Amino acid sequence: MRQKLLYALSLGLCLALMASGLHAAEESREVWLLVDDRTSTLHVYRGNQEIERFSPVSLGRGGAKRLRLSGSRATPTGEFKINWINEDSRFHIFLGLDYPTFAHAREARESGMLSEPEFYDYLTYYRQHGAPPQDTVLGGSIGIHGLGEADPSVHQRYHWTDGCVAVTNDQIEKLATLVRLGTKVIIR
């Protein structure tokens with residue numbers, strides 16, 4: 001009896017380890033994006049392997065900052081998820097990010113940028129809608145988008161957005177085939 005129990009426990013442990021290994025293997029094949037402000041480049045990775053690179057990309061006119069205020073035209077840095085996609089945007093295709101994240105809201109509250117009542121309103125909205133509000137003092141409607149009708153020569157030379165990450169229309173079409181809702185995006 002004791003031997004059967006040890007065998008069953010060993011088998012269960014092996015199955016659990018195999019399942020966790022499969023989950024790790026699945027995660028290592030997940031597509032994720034890295035936007036590097038310093039090099040004006042958007043890297044597309046599958047696990048640890050780069051599969052695409054778009055350069056130059058344009059960021060916000062106000063630079064890249066961890067905490068941004070609405071209207072500052074800065075691109076927020078940090079880790080995000082794609083939480084909505086607009087394929088009929090004035091910017092061709094818009095991949096919306098879950099900004100401001102809980103981490104951004106908490107940091108803003110701790111720094112005094114967001115009051116306690118505003119933070120409470122943020123949390124209440126997030127609980128009710130499963131996504132952050134887009135009308136806080138931190139701004140909203142941040143994402144990765146194409147040019148739409150914008151001037152490609154300006155895109156080549158300047159950071160011109162109001163806080164988003166812009167790529168060309170051809171690049172956003174390619175990007176839209178590689179990502180999905182929930183895709184991780186790191187902006188640094």
Side-chain angles (χ1 to χ4, degrees), residues 27-87 89-108 111 113 131-134 136-188:
E27 283 184 6
S28 71
R29 290 190 301 264
E30 288 286 318
V31 170
W32 62 281
L33 311 178
L34 172 64
V35 178
D36 189 334
D37 173 50
R38 190 177 48 81
T39 61
S40 298
T41 305
L42 187 153
H43 305 267
V44 182
Y45 289 94
R46 179 169 280 116
N48 292 327
Q49 181 179 359
E50 184 178 69
I51 59 173
E52 290 284 342
R53 180 183 300 184
F54 303 124
S55 183
V57 299
S58 294
L59 280 76
R61 290 179 222 177
K65 298 182 175 137
R66 176 66 185 161
L67 291 178
R68 72 183 293 273
L69 286 172
S70 179
S72 69
R73 296 182 168 172
T75 300
T77 61
E79 185 172 320
F80 309 93
K81 299 259 187 249
I82 295 174
N83 72 337
W84 54 282
I85 298 173
N86 179 356
E87 294 183 354
S89 165
R90 70 184 178 115
F91 295 110
H92 195 51
I93 298 172
F94 193 100
L95 307 173
L97 302 180
D98 64 344
Y99 176 82
T101 66
F102 175 74
H104 288 94
R106 186 184 68 240
E107 288 175 40
S111 72
M113 291 173 70
Q134 298 297 289
T136 70
V137 298
L138 302 175
S141 297
I142 298 296
I144 302 169
H145 60 71
L147 298 180
E149 298 298 320
D151 185 347
S153 66
V154 170
H155 176 74
Q156 290 288 321
R157 294 181 302 200
Y158 304 106
H159 287 314
W160 59 269
T161 76
D162 286 337
C164 293
V165 176
V167 295
T168 68
N169 290 338
D170 288 342
Q171 291 169 339
I172 196 68
E173 286 177 12
K174 174 70 174 177
L175 196 54
T177 68
L178 297 170
V179 301
R180 60 181 172 75
L181 294 177
T183 296
K184 178 171 73 172
V185 177
I186 297 173
I187 302 174
R188 66 173 186 198

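What you see is a predicted model; the values in this text were computed from it and never measured. Side-chain atoms are counted along with the backbone in the values below, which use heavy atoms only and exclude waters and symmetry mates. If you read the sequence from its start, that first residue is 1, and numbering goes on from there.
Residue Ala176 comes nearest to Ile93 through the heavy atom pair CB-CD1, 4.1 Å, listed as atom of the first residue, atom of the second, then distance. Across every non-hydrogen atom of Tyr99 and Pro76, the tightest pair is CE1-CB, 3.5 Å. The minimum heavy-atom distance between Pro100 and Gly139, with the atom names listed, is CD-O, 3.7 Å. Across all non-hydrogen atoms, the minimal contact from Met113 to Val137 is O-CG2, 3.3 Å. A pairwise comparison of heavy atoms in Ile142 and Gln134 identifies N-OE1, 4.3 Å as the closest pair. Annotation for Ile187 and Val165: closest pair CD1-CG2, 4.2 Å, computed over non-hydrogen atoms.
Residues passing the side chain to side chain contact (heavy atoms under 4.5 Å, CB included) test with Asn86 are Trp84, Asp88, Ser89, Phe94, sequence neighbours excluded.
Atom CD of Gln156 has more than 12 neighbouring heavy atoms from other residues, nucleotides or ligands inside a 6.0 Å radius. The number of heavy-atom neighbours closer than 6.0 Å to CD of Glu87, taken from other residues, nucleotides and ligands shown, is 12 or below. In the displayed structure, Arg38 atom CZ is contacted under 6.0 Å by at most 12 heavy atoms of other residues, nucleotides or ligands.
Of the inter-residue distances, the one linking Ile85 atom CD1 with Asn83 atom CG reads 9.5 Å to the nearest 0.5 angstrom. With rounding to the nearest 0.5 Å, the separation of CZ in Phe54 from OG1 in Thr168 is 7.5 Å. Note that CD of Glu149 and NE2 of His92 are 10.0 Å apart. Values are rounded to the nearest 0.5 Å. How far CZ of Arg53 is from CD of Gln171: 12.5 Å, rounded to the nearest 0.5 Å. The OH atom of Tyr158 sits 13.5 Å away from atom OG of Ser40, with the distance rounded to the nearest 0.5 Å. For the atom pair CZ of Arg46 and CD of Glu52, the computed distance is 10.0 Å after rounding to the nearest 0.5 Å.
Just one of His155, Arg157, His159 meets the side-chain hydrogen bond (donor to acceptor under 3.5 Å, both in side chains) condition when paired with Ser58; it is His155.
Between Ile82 and Leu97 the shortest side-chain heavy-atom distance falls below 4.5 Å. Considering only heavy atoms from C-beta on, Thr77 comes within 4.5 Å of Arg66 through its side chain. Proximity of Thr39 to Ser55: side-chain heavy atoms (C-beta onward) are nowhere separated by under 4.5 Å. Residues Thr161 and His145 form a side-chain contact, since some pair of their non-hydrogen atoms from C-beta on lies under 4.5 Å apart. Using a 4.5 Å cut-off on side-chain heavy atoms (C-beta onward), His104 and Phe80 make contact. Side chains of Val185 and Val179 form no contact here, defined as non-hydrogen atoms less than 4.5 Å apart. Counting only heavy atoms from C-beta outward, the side chains of Thr75 and Arg68 never approach each other to under 4.5 Å.
With hydrogens and angles disregarded, no donor-acceptor distance shorter than 3.5 Å links the side chain of Arg73 to the backbone of Gly163. At least one donor-acceptor pair under 3.5 Å links the side chain of Asn169 to the backbone N or O of Leu147. Looking at Trp32, its side chain does come within 3.5 Å of a backbone N or O of Gly47 through a donor-acceptor pair.
No salt bridge links Lys184 with Glu30; every basic N to acidic carboxylate O contact stays at or beyond 4.0 Å.
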